[in-house]
Amino acid sequence: MKWILTSAGNIPVDRKAADKRLLFRGTFRTLAAGEAVALFPEGTSYTEPHIMQVKDGAAWAALEYTKWAKENPDQVKQGAENVLIIPAAIVYTNKSKYRSQVIMEFGQPIGMSEYIDQFLSTQEGAPRAAVKRLTAAIERELTQATINAPDWDTLYAARMARDLLWPEERSINLDDFVTISQTLVDLFSTPDLVPNINAIKRHLLTYYSLLESTHLTNAVLSSLPLPATLDPRQPVPLPSRLFTLSILIRDTLALLMRLPFSIVPLVIHAPAYMVARVGARLAEDEEETQAQNKVVFGLLLLLMIYPAAFFIVWAFLRYTPVGALVAIAFVFLFAVYHNRLINDNYER
């Protein structure tokens, strides 16, 4: 396990070490070689409507390395003595949805020049104060790069308003997604800014609750053949039973035509899907942990399914060298076909 983790680029950390230089020894070695180190400054994954407190680990590592590099210039690659912190944020368009789009936002680089003098000061409490200032700067950049609401109701109302304004999930340019979402959050966080904003927020939350309880989305409802304008005070004739039945028959036939091409890959991948679902149920209240469990549990099953498929095909080809190449190609193309099948039909 140690070899797997270290070969993947993980840096061992001795958390019991009282000396921070021993704690960050692997980090120093990597930075001194001119390489980058990725840290998660919040220390854990969680599901909250805003960024929780950013911990001091990233700031301590950056400032301790800067101090160590000044004291050991002969051990540092040229140009690697000045470390920069690049805040990076991950934003999902819909975290709970399969194959959600992911946005990477980067903040302004943070240099150590503004903090290192205070960190090197002999004055009591100065190093810790410098670390706190740097941590606050990191938190500000991360907050600007993400969507943050004071509470869940505000976040849900803003999300519902965004879905109503842009019914199609991919109709918002990803470069504008965070800005649009945060603008709506700020709007619903300012009660006196717009007349009747509280009533609007309440209606949006009611609509959101109805969608959640029925397992529907606004995108699905907006795609229905309803009139362009709906007035709750005026009756609107519903589609006829015959028209509804024709749509049902059309969609059923379309699915049945695809079924023969889908059944084999779905059956072979079914164990991975079922185990991933079991993993998600272990943390039903935490979207972050659900996603992590799905990935880990699903990958573990795939690591058994694909090698087994390879050996079955290779055995069918009598374990010949050419048969091994054919088996590898078959498994690869089978995986590509499965992914394309899911991507093409998931929204149907």
Side-chain angles (χ1 to χ4, degrees), residues 40-42 44-54 87-108 138-224 226 228-232 283-292 347:
F40 292 87
E42 294 164 276
T44 185
S45 62
Y46 55 85
T47 301
E48 293 294 336
H50 53 81
I51 284 185
M52 302 295 286
Q53 181 180 2
V54 174
I90 302 174
V91 179
Y92 297 89
T93 56
N94 187 347
K95 189 186 297 183
S96 60
K97 185 176 182 295
Y98 175 76
R99 292 290 177 91
S100 169
Q101 291 181 295
V102 181
I103 303 166
M104 285 291 298
E105 293 280 349
F106 296 93
Q108 293 295 321
I138 297 171
E139 186 170 349
R140 282 195 300 271
E141 290 294 330
L142 290 176
T143 301
Q144 291 179 6
T146 53
I147 304 167
N148 294 271
D151 51 63
W152 283 111
D153 284 352
T154 302
L155 182 64
Y156 290 148
R159 185 184 297 175
M160 203 68 262
R162 186 189 64 213
D163 290 347
L164 288 169
L165 292 170
W166 289 273
E168 297 292 333
E169 182 180 347
R170 299 177 185 270
S171 59
I172 300 180
N173 189 321
L174 291 184
D175 292 336
D176 303 324
F177 184 86
V178 173
T179 302
I180 290 173
S181 300
Q182 188 61 53
T183 300
L184 290 170
V185 166
D186 295 340
L187 175 65
F188 288 107
S189 301
T190 312
D192 301 327
L193 186 62
V194 178
N196 301 323
I197 187 67
N198 290 328
I200 296 171
K201 182 177 179 180
R202 186 172 64 254
H203 291 316
L204 288 171
L205 288 173
T206 301
Y207 183 42
Y208 177 83
S209 298
L210 290 172
L211 291 176
E212 287 293 305
S213 62
T214 54
H215 301 286
L216 293 172
T217 65
N218 181 68
V220 170
L221 294 181
S222 63
S223 65
L224 296 176
L226 297 174
T229 58
L230 289 177
D231 189 341
E284 293 187 353
D285 298 328
E286 291 287 339
E287 288 183 336
E288 296 276 358
T289 308
Q290 280 186 359
Q292 292 171 5
E347 298 291 348

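Note that the numbering runs from 1 along the sequence shown for the chain.
Using modelled atom types and a 3.5 Å distance limit, the side chains of Thr154 and Asp151 yield a donor-acceptor pair.
A side-chain donor-acceptor contact under 3.5 Å links Thr190 to the backbone of Asp186.
Summarising the geometry of Pro167 relative to Ala219, their closest heavy-atom pair is O-CB, 3.4 Å, with the distance given to 0.1 Å. Considering all non-hydrogen atoms of both residues, Met160 and Leu211 come closest at CE-CD1, 3.6 Å. Between Thr146 and Gln182, the closest heavy-atom pair is O-OE1, 3.5 Å. Residues Pro41 and Val54 approach most closely at CB-CG1, 3.5 Å, considering heavy atoms. Between Phe188 and Ala157, the closest heavy-atom pair is CE1-O, 3.9 Å. Ala145 approaches Val178 most closely through the heavy-atom pair O-CG1, 3.8 Å.
Separating the CG atom in Leu205 from the OH atom in Tyr156 is a distance of 10.0 Å, to the nearest 0.5 Å. One distance of note links CD of Glu105 with CG of Leu174; it measures 9.5 Å at 0.5 Å rounding. Here CG of Asn173 is found 8.0 Å from CD1 of Ile180. Values are rounded to the nearest 0.5 Å. The CG atom of Asn196 sits 9.5 Å away from the CZ atom of Arg202 when rounded to the nearest 0.5 Å. Here the CD1 atom belonging to Ile172 is positioned 6.0 Å from the CZ atom belonging to Arg162, to the nearest 0.5 angstrom.
The 12-atom threshold is exceeded at CD of Glu48, counting heavy atoms of other residues, nucleotides or ligands nearer than 6.0 Å. More than 12 heavy atoms of other residues, nucleotides or ligands sit less than 6.0 Å from atom CG of Asp176.
Residues Gln101 and Phe177 form no side-chain contact, since every pair of their non-hydrogen atoms from C-beta on lies 4.5 Å or further apart. Taking 4.5 Å as the limit, every side-chain heavy atom of Leu204 sits out of range of all side-chain heavy atoms of Arg159. In this structure, Thr179 and Thr183 have side chains that are in contact, with non-hydrogen atoms separated by less than 4.5 Å. For the pair Val102/Val91, no side-chain contact is recorded, criterion being any heavy-atom separation below 4.5 Å from C-beta on. In this structure, Asp163 and Thr217 have side chains that are not in contact, with every pair of non-hydrogen atoms separated by 4.5 Å or more.
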Between Tyr207 and Asn218, does a side chain to side chain donor-acceptor pair (under 3.5 Å) hold up when you go through it step by step?
CA-CA 9 Å; Tyr207 183 42; Asn218 181 68; 2.8 Å; yes

Step by step, work out the side-chain contact (heavy atoms from CB on, under 4.5 Å) result for Ile147 and Leu155.
CA-CA 9 Å; Ile147 304 167; Leu155 182 64; 4.1 Å; yes

Given side-chain contact (heavy atoms from CB on, under 4.5 Å), test Ile103 with Tyr92 step by step and report yes or no.
CA-CA 6 Å; Ile103 303 166; Tyr92 297 89; over 6 Å; no

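Residues passing the side-chain contact (heavy atoms from CB on, under 4.5 Å) test with Thr143 are Ile51, Glu139, Asn148, sequence neighbours excluded.
Each of Glu141, Gln144, Arg140 was scored for a side chain to side chain contact (heavy atoms under 4.5 Å, CB included) with Pro87, with one residue passing: Glu141.
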